[in-house]
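Just so you know, residue 1 is the first one in the sequence shown, and it goes up from there.
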Amino acid sequence: MSCAVEESGPNHARRQWELRFDQENQLVHIANTTSTAAITNSKISFRVDLGNGVPLSFAIDRSSGAIHVTGSAGSLYSGQCKIVDSRRT
């Protein structure tokens, strides 16, 4: 799954994350990091530190693909996720 998000602040920086989920073991793989996740049929949520010492909380609505990323200062990013064919390079 690929998620393209836009910063909520005035800079509107764009980021993209490639995510892989293991629903059976409740894990998410993002940016060479593995984290535990709560994965249901309707929502995926997890918290992860991507290397800058600040944990980010992710919430993805599986039906719409909407993603919201928050940190200690509140809402940071929002955007859309879409399924990406893993066989493509």
Angle between ring planes, Phe58 versus Trp17, binned at 30° and 60°: parallel, tilted or perpendicular? perpendicular
Heavy-atom neighbours of Asn25 CG exceed 12 at 6.0 Å: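 It does: Asn25 CG has more than 12 such atoms within range.
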Take a 6.0 Å sphere around CD of Gln16 and say whether it holds more than 12 heavy atoms from other residues, nucleotides or ligands.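 Yes, CD of Gln16 has more than 12 neighbouring heavy atoms, counting only those of other groups under 6.0 Å.
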Step by step, would you call Val48 with His29 a side chain to side chain contact (heavy atoms under 4.5 Å, CB included)? CA-CA 10 Å; Val48 64; His29 306 280; over 6 Å; no
Can you measure from [atom1] ([X]) to [atom2] ([Y]) and round to the nearest 0.5 angstrom?
X: Gln80; Y: Ile60; atom1: CD; atom2: CD1; result: 10.5 Å
X: Leu76; Y: Arg15; atom1: CG; atom2: CZ; result: 10.0 Å
X: Thr36; Y: Asp22; atom1: OG1; atom2: CG; result: 12.0 Å
X: Gln26; Y: Ser35; atom1: CD; atom2: OG; result: 11.5 Å

Hydrogens and angles aside, do Ser42 and Arg62 bring a side-chain donor and acceptor to less than 3.5 Å of each other? no
Regarding Ser78 and His68, is there a side-chain donor-to-acceptor distance under 3.5 Å anywhere?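 Not at all, the side chains of Ser78 and His68 share no donor-acceptor pair under 3.5 Å.
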With a 4.5 Å cut-off on side-chain heavy-atom distances among I, L, V, M, F, W and Y, is there a chain of contacts connecting Phe21 to Leu56? yes
Can you list the steps and then say if Leu19 with Ile44 is a side chain to side chain contact (heavy atoms under 4.5 Å, CB included)? CA-CA 11 Å; Leu19 307 170; Ile44 300 168; over 6 Å; no
Go through it in stages, so that I can follow the logic: the residues are Leu50 and Ile30, the test is side chain to side chain contact (heavy atoms under 4.5 Å, CB included), and I'd like the CA-CA distance, side-chain angles, deciding distance and then a yes or no. CA-CA 8 Å; Leu50 295 176; Ile30 177 174; 4.1 Å; yes
